Amino acid sequence: MPVDQRRRRAPQVLPAIAALLAVLTACGGKPSASAQPVASASPEVSAEASPSVDASPSVSPSASKASPSPSASKKSAAAAGTTAAANDASRLKTLPGNTTQVVIVQAASASATTASLRAYAKTGGVWQPALSAMTARIGGNGFSGDKHEGDKTTPTGVYSFDGTMYGIAANPGVRYSYHKLVQDDWWDENSSSPGYNTFHHGANPGGPSEPLWQISPQYTYFAVIRYNIPATPGRGSGIFLHQATAGATLGCVSLPQADLVALLRWLNPAANPRIVLSPTSQLSRY
C-alpha cells in the first residue's frame with residue numbers, strides 16, 4: 001500500500017545518519033522516497049482503482065492533484081456512455097422491426113444444459129435490460145439446430161410466443177390470454193396426428209402427447225414457444241417456457257417459479273416479443 005511521501009522528505013541529514021538509514025533499508029526498512037517515486041507507486045493510486053483519490057489518506061498531495069491517465073479517461077467515458085447499448089440485444093440483426101421485447105437464452109456451449117436468460121426492452125430505439133439475469137435449464141442434450149421429436153434438445157433460433165398462456169394454477173397476472181388447465185387438456189405430440197404440436201382438449205391424441213393438467217410443478221404456468229408451428233411431422237413439439245424442477249428439460253426452457261412469473265407478467269403481446277435460443281458462440285447469427 002502506498003505510504004505518505006511527506007514523511008520521507010526529511011531535511012538534509014548528516015552523512016553518518018544517512019549511512020545508518022541506508023543500512024536499515026537494506027535490512028528490511030522502508031525504502032526512501034527517491035527509491036520509490038510516486039509515479040511508479042502502487043496502482044491503488046490510479047483513477048481506475050480509486051475513483052476518489054482523497055478517500056485514501058496515504059496518497060500524497062501531488063498524487064491527488066495528478067490528472068487521470070488517458071486510458072482511464074477513455075474507460076470512464078465508455079462506462080458512462082455505452083452501458084445501455086453494450087448488450088446482446090443490441091447486437092441482434094434478425095428481430096422484426098416492431099419487436100420491442102426480447103428474451104435471450106444462451107449457454108456456454110451447445111452441449112450445456114444450464115443457460116443464462118436475460119430480458120430486454122427497446123426504449124427510444126435503445127435496447128436495455130428489463131429484468132435481472134436469470135438461470136434457466138434447457139434440454140438434457142443441450143441446443144440443436146436440427147431438432148427431432150424425442151431428442152431431448154432445445155431448438156436454436158428466434159421464435160415468437162403463442163397468443164395463449166396456460167397453467168394448472170389460476171392466471172398469475174399475465175397480459176396474454178390465459179387458459180387454466182382442466183382434465184383432458186393435452187398437447188398433441190403425435191407426429192401422425194393432424195393436430196400435431198397443438199393444444200387439444202378431448203381424448204388422448206396418442207403417441208407421446210402430454211396430459212397438461214397432470215404435469216406438476218412444471219406446468220403450474222407456462223408459455224408456448226412457437227417452434228415448429230405450423231408443424232412438420234417429426235421435427236419436435238411442445239417447446240414451452242415453464243417452471244423448473246431439479247434437472248434439465250426434455251427440450252423446453254425452465255425457470256424457478258418466481259423468475260418465471262416475473263417474466264410471464266412482463267411479456268406484452270403489443271411489444272411483439274421474441275425469444276432467442278442459442279449457444280453464446282452462435283448469437284451473431286441472429
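Just so it is clear, the structure is predicted and the values come from calculations on it, not from any experiment. Start at 1 with the first residue, then count along the sequence.
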Are side-chain heavy atoms of [X] and [Y] found at a separation under 4.5 Å?
{"X": "D151", "Y": "K147", "answer": "yes"}
{"X": "Q257", "Y": "Y221", "answer": "yes"}
{"X": "R175", "Y": "L264", "answer": "no"}
{"X": "Y159", "Y": "V276", "answer": "no"}
{"X": "H242", "Y": "T249", "answer": "yes"}
{"X": "Y219", "Y": "Q214", "answer": "no"}
{"X": "N228", "Y": "I239", "answer": "no"}
{"X": "D184", "Y": "W213", "answer": "yes"}

Does the side-chain hydrogen bond (donor to acceptor under 3.5 Å, both in side chains) test come out yes or no for D188 and T198, once each step is laid out? CA-CA 6 Å; D188 186 343; T198 63; 4.9 Å; no
Would you call R235-D146 a salt bridge at under 4.0 Å N-O?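 Here R235 pairs with D146 in a salt bridge, since their nearest N and O are under 4.0 Å apart.
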Spell out, yes or no, whether [X] and [Y] are grouped together once hydrophobic residues are joined by side-chain heavy atoms under 4.5 Å, including indirect joins.
{"X": "M134", "Y": "V103", "answer": "yes"}
{"X": "I225", "Y": "L255", "answer": "yes"}
{"X": "V105", "Y": "F240", "answer": "no"}
{"X": "I215", "Y": "L241", "answer": "no"}
{"X": "F199", "Y": "I168", "answer": "yes"}

Do D88 and Q106 have side-chain N/O donor and acceptor atoms under 3.5 Å apart?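 Short answer, yes.
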Between E149 and S237, do the side chains contain an N or O donor and an N or O acceptor separated by less than 3.5 Å? yes
With under 30° as parallel and over 60° as perpendicular, where do the rings of Y176 and F161 fit, or are they tilted in between? perpendicular
Step by step, work out the side chain to side chain contact (heavy atoms under 4.5 Å, CB included) result for Q218 and T245. CA-CA 7 Å; Q218 294 94 319; T245 55; 3.7 Å; yes
